[in-house]
Visitor: 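I am attaching a structure below and will ask some questions about it afterwards.
Whatever order the structure lists them in is the order used to number ligands and atoms, beginning at 1. By convention here, the first residue in the shown sequence is residue 1.
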Amino acid sequence: MLVARGCDVMGGPEPRPGTWRSLVQRKLKGEKYPKCLPSFPLIGSLLSLRSNLAPHLHFQNLQKTHGNLFSLMMGPRYVVVINNYQYAKEVLIKKGKIFAGRPSLVSMDLLSRDGKGIAFASYSPTWRFHRKLVHSNLYLCGNGLESLEELICKEVSSICTMLEQFVDVPLDLMTEVTRMVTNVISMLCFNSSYEKGDPEFQKILDYSEGIVDTVGKDKLMDLFSWLQYFPNEDIQTLKRSIAVRDSILQKKLEEHKANYNSESINDLLDSLLKAQENLKNNNSPIPRPHLTDDHLMMTVADIFGAGAETTSTSIAWIILYLLHYPQVQTKIQEEIENNIGYERPPNISDRSNLHFLNATISETLRSQPVAPLLIPHVALADTSIGGYTIPKDSQVIINVWAIHHDEKEWESPETFDPTRFLDTEGKYVHSPSPSFLPFGAGIRACVGEVLTKMQLFLFIATFLQHFTVEVPAGHQLVGLNGKFGIVLQPEKFKVQLKSRKAWKDCVS
Ligand code: STR
């Protein structure tokens with residue numbers, strides 16, 4: 001009955017698609033399948049998945065023995081892991097629609113109220129409708145006529161001015177950076193922002209940490225959903241964090257409903273309410289997408305959560321690399337000095353001149369992709385990858401980490417070297433290798449790419465115009481391994497800011 005090599009088990013009546021048995025039956029028919037890690041009934045490939053390494057690194061190691069495309073059983077689920085860009089692009093771009101499903105995992109279902117919203121919802125007309133709404137309304141809003149650039153610059157300038165008070169003392173920079181990026185996304189979603197010390201902002205910091213620490217870590221409860229009914233610390237943390245998030249969202253929704261005016265749409269939540277109103281008034285017989293309060297809240301929750309968490313994590317990584325590579329920091333400062341000077345703050349049009357800064361941002365996103373395994377995809381029909389059969393309902397994990405550290409595509413991939421993003425004339429090259437997918441690709445690619453890139457550029461340029469970051473005396477520089485989760489975060493660290501003399505001379 002049991003063979004611990006490949007997924008070779010058979011017997012019994014009609015198998016469900018995507019299960020062990022159906023796989024074996026099809027394999028016997030001569031279809032070519034990706035190499036499978038040793039698997040056993042019930043526990044699947046659990047024994048081969050035990051490792052001290054984080055999953056993205058463990059999968060990267062398995063690439064050496066099992067290749068760029070291999071499969072495994074996560075409990076009862078058939079999962080395919082992809083480690084190179086060729087297969088990744090086939091899944092995300094060429095067959096994007098077929099692979100646009102999402103698995104139903106316990107932690108993600110809790111977070112998304114059973115697959116609502118856009119990040120964790122499977123492909124459906126409702127999902128398409130929500131994604132379109134976000135695409136067309138996210139950047140239109142903000143504070144009245146204020147453009148996105150103005151909005152970001154205002155926040156960036158306010159944090160840099162505030163940080164002047166904290167020079168020369170060890171400082172946890174990230175709380176303030178997170179407040180800045182939370183304010184940008186909060187203006188776009190809710191037309192409101194947080195002052196330093198606002199207790200609601202502290203609640204957001206706490207619940208986000210609770211969620212990031214527990215969601216999608218392939219914990220046992222995601223493999224065996226019945227485990228959620230047993231006392232389990234992770235699931236308790238997750239449920240508590242979600243309850244806090246929901247109480248804040250509920251308040252925002254009620255405020256927005258109370259002040260709603262279809263002639264004055266100020267933010268994403270208003271535009272979702274408007275779409276909800278339009279749908280109610282539409283009597284067409286065509287099946288309509290779902291836009292209940294639950295759907296609307298989950299969509300806004302995804303955008304708000306993603307906007308705050310990913311951008312602040314990327315900034316934390318950039319700052320940490322600047323601490324590890326002070327010469328990179330000096331080079332960016334020279335570039336700022338030569339192209340902008342000190343008399344005006346950087347703006348978005350400076351992006352075309354600050355090649356080394358752009359290269360440093362890209363090299364950080366390559367070295368530490370914020371979502372090292374993206375969010376798992378699911379095949380919505382029987383299909384194939386690179387000629388290998390992929391049955392309907394298979395889960396597909398794209399190992400962006402391995403793609404960004406592929407020795408065939410990047411020379412010494414473990415070395416941090418921004419110049420790989422520069423051409424021979426020192427000009428920034430957007431993507432020197434196709435093996436670069438920091439924002440995913442295809443129909444489920446990140447909706448916030450434009451916003452994130454603007455924030456990273458404007459913040460780092462302005463910040464390095466004002467300050468130099470150093471490791472505080474007596475503090476140890478934290479390493480570059482990071483903490484694996486749905487978002488790959490660096491460990492917490494403190495910095496010491498030095499006000500730059502040239503900047504001080506210019507403003508005084
Ligand atoms: C961060 C913590 C939080 O409060 C809410 C969310 C929901 C959306 C998530 C986000 C999370 C982490 C980053 C995600 C994002 C949706 C898209 C984004 C997973 C868990 C990425 O794919 C990087």
Visitor: Can you list everything that forms a ring-ring contact (aromatic ring centres under 6.0 Å, His included) with H405? Sequence neighbours excluded, please.
Guide: W401
Visitor: Identify whether the distance between the nearest side-chain nitrogen and carboxylate oxygen of D213 and K483 falls below 4.0 Å.
Guide: yes
Visitor: Show the distances, to 0.1 Å, for all pairs joining an N/O atom of ligand 1 and a protein N/O atom that are shorter than 3.5 Å, listing one pair per line.
Guide:
| residue | atom | partner | partner atom | Å |
| --- | --- | --- | --- | --- |
| ligand 1 | 4 (O) | S208 | OG | 3.4 |

Visitor: Give every residue pair that meets the side chain to side chain donor-acceptor pair (under 3.5 Å) criterion with at least one member in residues 296-307, sequence neighbours excluded.
Guide: H130-T299
Visitor: Please list, chain by chain and in numerical order, all residues satisfying side chain to side chain contact (heavy atoms under 4.5 Å, CB included) with V184, sequence neighbours excluded.
Guide: L151, I152, E155, L451, Q455
Visitor: Below 4.0 angstrom, N of the basic side chain to O of the carboxylate: do E363 and R420 qualify?
Guide: yes
Visitor: Applying the side-chain contact (heavy atoms from CB on, under 4.5 Å) test to L272, which of D293, I265, L296, D267 qualifies?
Guide: L296
